[in-house]
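Structure, as structure tokens:
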Amino acid sequence: MKNQLVASILNEIADMLDMQEVEFKPRAYRRAARTIESMAEPIEQVYAQGKLLDLPGVGEAIAKKIGEIIETGSLEYYEELKQKTPVDLENLLAVEGIGPKTVGLLYKKLGVKSLEDLQRAAQEHRIREIKRLGPKTEENILSSIELAKRSRGRSLLGEALPIATEICDRLKVVIRTAGESGQLEAAGSLRRMKETVGDIDIVATSNHASLLTDEFTRLPDIQKVLEKGETKASLLLTNHIQVDLRVVEDESFGAALMYFTGSKDHNIALRKLAISRGFKLNEYGLFKGDQQIAGRTEDEVYKKLGLDGIPPELREDRGEINAAMKHQLPSLLAYDGVRGDLQLHTRWSDGQQTVEEMAQAAKNLGYEYIAITDHYSRMPIVNGLNEQRLRDQMNEIDKTNEKLNGIHILKGAEVDIAADGSVSEDKVLRDLDLVVGSIHGTFKQTKKEMTRRLISAMESDIVHIIGHPTGRKINEKAPSDLDFDELFEASKRTKTYLEINASPQRLDLSDANAALALRSGCKLVINTDAHNQEQMKNMRFGIGVGRRAWAEKKDIINTHTLEDFKKTLKNG
DNA sequence: GCCGTTTTCGGCCCGACTGTTTTCAGTCG
């Protein structure tokens, strides 16, 4: 998958052109880069199909350059630009307050090429000599170099969302206690349910703004208050997550929420649409001349733009605006739309709770059914079951089913898919309701081998579901390179469902891959892979992935009633 | 360099903030 490579080259070209004060081209390159970065299809494939020009932001010139990168692995134009401005752009641009123009200036005047050069120039007070820069800039550079060295990347959604919820709950108490009708909501990529988030943005309205900002800066686990004003405050938590609070006027709450929710591309597209209709859209509202015609709620703004309300998970400028205009937005899978969790572990293998405890938790979550799928494996670390122990567990499940009302426990197992694609043929597996097949070892295989391996497992009459299909762990382990077209074809042909694993570290399939699967006509299943009751609540992250993939209820098999669900299984 | 319910040419998202400036350029989100 070369998308990341192509996108980063295009972005770097944009930066270098910016350094040379070239107008407009940088914007064009960045737009193309964003498209390629966020699309699900491998760019090589789009190229092979001769469809590069269909990509938004890609025209003749950029298409030709992309072709060159794919064919030769490099790009002459890019190399020439680098010759002209041989600087360590990536690290220099990471310094807060320094953009491409400043890097260009510093290179021209002082020959600054690297972070070390920059630090030295600042320490020797050579930066204040340059016109447009000054002593303040110099100080900022020094302090942000320090900060940049300590900062880290994006946090997992699963980590940030509970924190955001807790903070919002505390602040809502302040609003209620003040006896007013203020609103408050977490915005940003968190609200769009992206798998990782940069920081937490909270938008609020209140007649007592300072009460909110006061309480905000007294939250627990603050490492540092970065900023505190009347209507705006910013914190760094001890876990390095940054949280921003903005208090806005009532009549702007919807517009501000849209603005801070993003995505940037979605906002840009909306603003262009607004202009085309003779309006102006900003974070204060939708304006005709200087009169505000909408802004109190998001729906009001969308409506005045001639659009249906767009759920946050779809706001990525991937066709949602067009769909909203034609009243063709999908009716998204609801957060309470799943009726059963189909990958769960108990103490029988590597889980922490009993069958009954997991079933009770499932009942409390409102599920109709679950599947217990402890490891059926010889791998020692997971305390895998053998034939006899699985039979014992099946008896226990029968007894628990008799005891509990309102929840049905399916008998299942999670089996290893061997390097050659084979799975255990033990007879007991055929007596189960449901088998999840997953890869737990030998990850280093070629794309062809890995694809073949998964398809072999799908073709066996044992396996109903492929668990965490790419094996990725966000920020830790790269996904397996797979031929998704073949995989999706096999899924439809064999009625073996690919999983959206809802564990925040996995979210596998990803939103982009899930979208591809749905577009090619596959049905999916969303499971938590929980090893205790608490983890069963991760379902919302998996549903978030589904919604970002435009999934409707009919696309997800565990939204069916137990009876209908059983009918969708092969050999069922 | 890209793109079109104002266009195949002439435009290109918006506002706050900062630091450097006597009116603005650059950066950020």
Side-chain angles (χ1 to χ4, degrees), chain A residues 10-11 13-36 52-66 77 81 92-106 127-141 143-144 187-190 197-203 226-227 229 231-232 234 242 244 246 248 252 255-287 290 295 301 305-306 317 321-322 325-326:
Chain A
L10 294 179
N11 267 325
I13 290 174
D15 289 333
M16 291 189 286
L17 291 172
D18 243 338
M19 280 174 64
Q20 299 172 17
E21 320 252 311
V22 178
E23 283 197 285
F24 301 113
K25 286 192 192 186
R27 190 178 310 185
Y29 278 97
R30 287 202 182 94
R31 167 110 201 272
R34 273 204 308 268
T35 300
I36 291 160
L52 284 179
L53 290 174
D54 292 350
L55 298 175
V58 177
E60 296 284 347
I62 292 182
K64 194 152 166 273
K65 293 187 173 74
I66 295 173
Y77 176 64
L81 281 174
L92 288 171
L93 292 177
V95 178
E96 190 85 358
I98 300 259
K101 298 273 174 66
T102 310
V103 172
L105 192 63
L106 289 168
I127 286 172
R128 62 180 66 188
E129 312 281 303
I130 300 175
K131 204 168 164 184
R132 216 203 77 214
L133 308 177
K136 241 343 193 291
T137 309
E138 210 169 64
E139 281 170 38
N140 289 343
I141 286 173
S143 64
S144 66
S189 44
L190 184 100
V197 305
D199 53 21
I200 298 174
D201 296 300
I202 298 171
V203 183
L226 301 170
E227 184 187 350
T231 60
K232 193 179 157 193
S234 194
Q242 185 176 327
D244 299 331
R246 317 265 174 155
V248 302
S252 295
L257 197 55
M258 284 172 80
Y259 171 76
F260 287 109
T261 298
S263 67
K264 194 170 172 57
D265 286 345
H266 177 81
N267 286 346
I268 290 173
L270 283 184
R271 284 172 175 184
K272 284 184 178 165
L273 179 66
I275 291 170
S276 76
R277 312 232 149 142
F279 304 139
K280 181 177 69 169
L281 178 62
N282 58 31
E283 59 264 51
Y284 302 104
L286 184 66
F287 293 85
D290 48 13
V301 176
L305 286 171
D317 192 24
I321 293 176
N322 213 355
M325 206 176 298
K326 296 181 187 156

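Chain naming here is simple, since letters A, B, ... match the order of the sequence lines and numbering starts at 1 in each. These values consider heavy atoms only, across backbone and side chains, with no hydrogens, waters or symmetry-generated copies.
Rounded to whole Å, the distance from CZ on R246(A) to C1' on dG29(B) is 8 Å. In this structure, E60(A) places its CD atom 8 Å from P of dC2(B), rounding to the nearest Å. The CZ-P distance, from R34(A) to dG29(B), rounds to 14 Å in whole Å.
At dG19(B), one or more side-chain N or O atoms of N140(A) fall inside 4.0 Å of OP1 or OP2 (strictly under the cut-off). Between Y284(A) and the phosphate of dA16(B), there is a side-chain N or O to OP1/OP2 separation shorter than 4.0 Å.
Both L53(A) and S276(A) sit near DNA chain B, but only L53(A) has its closest nucleotide nearer the 5' end.
The side chain of T102(A) lies closest to dG26(B) when the candidates are dG26(B), dG1(B), dC28(B). Picking from dG29(B), dC3(B), dG1(B) the nucleotide with the shortest atom distance to the side chain of R31(A) gives dC3(B). The P100(A) side chain lies nearest to dT27(B) when the options are dG1(B), dT6(B), dT27(B). Nearest nucleotide to the K25(A) side chain, out of dG1(B), dC17(B), dG29(B): dG1(B).
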N/O to N/O distances under 3.5 Å, protein versus nucleotides 12-14 of chain B:
residue: dC13(B); atom: OP1; partner: R27(A); partner atom: NH1; Å: 2.6
residue: dC13(B); atom: O2; partner: R271(A); partner atom: NH1; Å: 2.5
residue: dC13(B); atom: N4; partner: K264(A); partner atom: NZ; Å: 3.2
residue: dC14(B); atom: O4'; partner: R271(A); partner atom: NH1; Å: 2.9
residue: dC14(B); atom: O2; partner: R271(A); partner atom: NH1; Å: 3.4

Measure all distances between protein nitrogen or oxygen atoms and nitrogen or oxygen atoms of nucleotides 20-22 of chain B, and list the pairs falling under 3.5 Å.
residue: dT20(B); atom: OP1; partner: G134(A); partner atom: N; Å: 2.6
residue: dT20(B); atom: OP1; partner: G134(A); partner atom: O; Å: 3.1
residue: dT20(B); atom: OP1; partner: P135(A); partner atom: N; Å: 3.4
residue: dT20(B); atom: OP1; partner: T137(A); partner atom: N; Å: 3.4
residue: dT20(B); atom: OP1; partner: T137(A); partner atom: OG1; Å: 3.1

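S252(A) and E283(A) form no side-chain donor-acceptor contact under 3.5 Å, judged by distance and modelled atom types alone.
Partners of R31(A) under the side chain to side chain contact (heavy atoms under 4.5 Å, CB included) rule, at least two apart in sequence or in another chain, are R34(A), P56(A).
With a glycosidic angle no further than 90° from 0, dT7(B) counts as syn.
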